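It should be emphasised that the depicted structure is a prediction, and the values quoted were computed from it without experimental measurement.
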Amino acid sequence: MKTYEKELPQGYVEAKVVDAKSKKVGIIFSLIALVVTVATLVITWFALFGQYDESFWEIGEKYLVLENPFANIARLAILIVAIPLYIILHELVHGIVYKLLTRQKLKFGLTFTVAYCGVPDIYVYRTTALLSLLAPFIVFLPVFIVPMFFLKNNLDIFLFAVMLGQHVGGCVGDLYDTALYTFKFRSPDTLMRDTGPKQTFYVKQSSEVLMTEYDGENI
């Protein structure tokens, strides 16, 4: 299976650009990520405490605040370290899949709004792109969900919910690109240049999907 092209073949045209560095896209993705994170926490809260009649603060004092304050401080410190560590591992998983499938040079980076990994020197085919896009989402989803069923302390469960929300919210860009492939760019001949923060989709002019379907807007 051919996974990439070194040069854009003849007959291909640019169909869509998703640029996470643009203000518009950065704001949209950040808002969606925030909504997803908050929704995850709300769902977890009601799953844990929906059967109790106490107030929010009574539940917090009774079930989330441990008798030993140092235990809470330790948990908070672990969370502070875990969040940036997860971001690094997320991008490494993207990179591992790209490296295994293409053997090409990777590009990693971090801006105020986005962390990224890309393969800017090549054009990857649809299957290669999808495998890299979905790899972190699939790998880390059970990492944060499964322990929640075995932990005894509600505070520990809630902190894993924080990480789960961060994970799903952090995959918004990946899932958006996946949706584009699922509903718009279904041809296996579709190529993508992934510089990291920006993904550019290319389709054959002879593709079954006519270019008139693409509005030319970048997001």
Side-chain angles (χ1 to χ4, degrees), residues 1-6 8 12 14-22 24-26 28-37 40 83 85-111 113-145 163-204 207 209 214 217-219:
M1 179 184 70
K2 199 169 186 179
T3 59
Y4 70 93
E5 300 283 353
K6 288 291 290 184
L8 187 65
Y12 275 82
E14 181 182 305
K16 190 77 172 179
V17 177
V18 181
D19 189 356
K21 279 188 174 182
S22 76
K24 175 185 175 182
V25 177
I28 292 173
F29 283 177
S30 295
L31 288 176
I32 295 175
L34 178 61
V35 169
V36 169
T37 301
T40 302
I83 290 175
L85 178 61
Y86 158 74
I87 294 173
I88 294 171
L89 292 175
H90 177 114
E91 300 307 325
L92 282 176
V93 172
H94 280 309
I96 289 170
V97 175
Y98 268 144
K99 197 69 175 179
L100 289 173
L101 294 176
T102 70
R103 305 293 181 181
Q104 298 299 304
K105 182 180 179 181
L106 304 174
K107 179 182 178 181
F108 293 92
L110 178 67
T111 70
T113 57
V114 63
Y116 59 84
C117 168
V119 277
D121 299 329
I122 60 174
Y123 300 83
V124 296
Y125 279 101
R126 182 178 185 271
T127 300
T128 303
L130 280 172
L131 288 172
S132 179
L133 286 168
L134 289 173
F137 181 75
I138 295 171
V139 167
F140 290 104
L141 204 60
V143 170
F144 298 129
I145 290 179
M163 292 301 301
L164 176 62
Q166 157 106 14
H167 167 56
V168 179
C171 288
V172 166
D174 300 332
L175 296 176
Y176 177 75
D177 286 344
T178 299
L180 286 176
Y181 274 121
T182 303
F183 300 107
K184 202 168 189 178
F185 303 114
R186 294 186 294 271
S187 171
D189 292 328
T190 302
L191 289 171
M192 181 180 76
R193 181 170 183 252
D194 186 359
T195 64
K198 182 167 76 172
Q199 293 79 46
T200 306
F201 295 82
Y202 298 88
V203 298
K204 284 184 177 180
S207 172
V209 181
Y214 303 110
E217 291 184 2
N218 296 342
I219 182 171

Notebook entry, point to check: Listed by chain and number, what are the side-chain hydrogen bond (donor to acceptor under 3.5 Å, both in side chains) partners of Tyr123, not counting sequence neighbours?
Noted result: none
Margin query: Do Tyr12 and Glu5 make a side-chain contact, defined as non-hydrogen atoms from C-beta onward lying under 4.5 Å apart?
Written below: no
Note to self: Tell me if a side-chain donor or acceptor on Thr40 pairs with a main-chain N or O of Leu164 at a distance below 3.5 Å.
What the structure shows: no
Item checked: Donor-acceptor contact below 3.5 Å, side chain Tyr116 vs main chain Thr111 -> no
Checklist line | Derivation of the side chain to side chain contact (heavy atoms under 4.5 Å, CB included) call for Tyr125 and Leu191 | finding: CA-CA 5 Å; Tyr125 279 101; Leu191 289 171; 3.5 Å; yes
Check: Are any side-chain N or O atoms of Ser132 and backbone N or O atoms of Ala129, one a donor and one an acceptor, separated by less than 3.5 Å?
Finding: no
Notebook entry, point to check: Would you say the side chains of Tyr4 and Gln104 form a donor-acceptor pair under 3.5 Å?
Noted result: yes
Check: Is Arg126 reaching over with its side chain to a backbone N or O of Asp189, donor-acceptor style, under 3.5 angstrom?
Finding: no
Margin query: Checking the side chain of Lys198 only, and the main-chain atoms of Val18 only, is there a donor and an acceptor separated by less than 3.5 Å?
Written below: no
Notebook entry, point to check: Quick one: does Ile87's side chain get under 4.5 Å of Gln166's, heavy atoms only?
Noted result: yes
Item checked: Heavy-atom closest pair, residues Met1 and Thr127 -> SD-CG2, 4.2 Å
Checklist line | Heavy-atom closest pair, residues Pro136 and Leu133 | finding: CD-O, 3.7 Å
Next item on the list: Mind telling me whether Tyr86 and Phe140 have parallel, tilted or perpendicular rings, with 30° and 60° as the class edges?
Entry: perpendicular
Next item on the list: Indicate yes or no: at least one non-hydrogen side-chain atom of Met192 is less than 4.5 angstrom from one of Tyr181.
Entry: yes
Checklist line | Minimum-distance pair of heavy atoms, taken over all atoms of Thr195 and Lys107 | finding: O-CD, 3.7 Å
Notebook entry, point to check: Looking at side-chain heavy atoms only, is the closest gap between Val119 and Leu106 below 4.5 Å?
Noted result: yes
Notebook entry, point to check: So how far is it from Leu131 CG to Leu101 CG, rounded to the nearest 0.5 Å?
Noted result: 6.0 Å
Checklist line | side chain to side chain contact (heavy atoms under 4.5 Å, CB included) between Thr3 and Val124, intermediate numbers included | finding: CA-CA 6 Å; Thr3 59; Val124 296; over 6 Å; no
Margin query: Tell me whether Asp121 is salt-bridged to Lys105, with the criterion being a basic N under 4.0 Å from an acidic carboxylate O.
Written below: no
Notebook entry, point to check: Got Phe201 and Asp177 here, is their nearest side-chain heavy-atom distance under 4.5 Å?
Noted result: yes
Checklist line | Exceeds 12 heavy-atom contacts within 6.0 angstrom, atom NZ of Lys99 | finding: yes
Notebook entry, point to check: Under 4.5 Å between any side-chain heavy atoms of Val114 and Phe29, yes or no?
Noted result: no
Item checked: Residue list, side-chain hydrogen bond (donor to acceptor under 3.5 Å, both in side chains) with His94, at least two apart or on another chain -> His90, Asp174
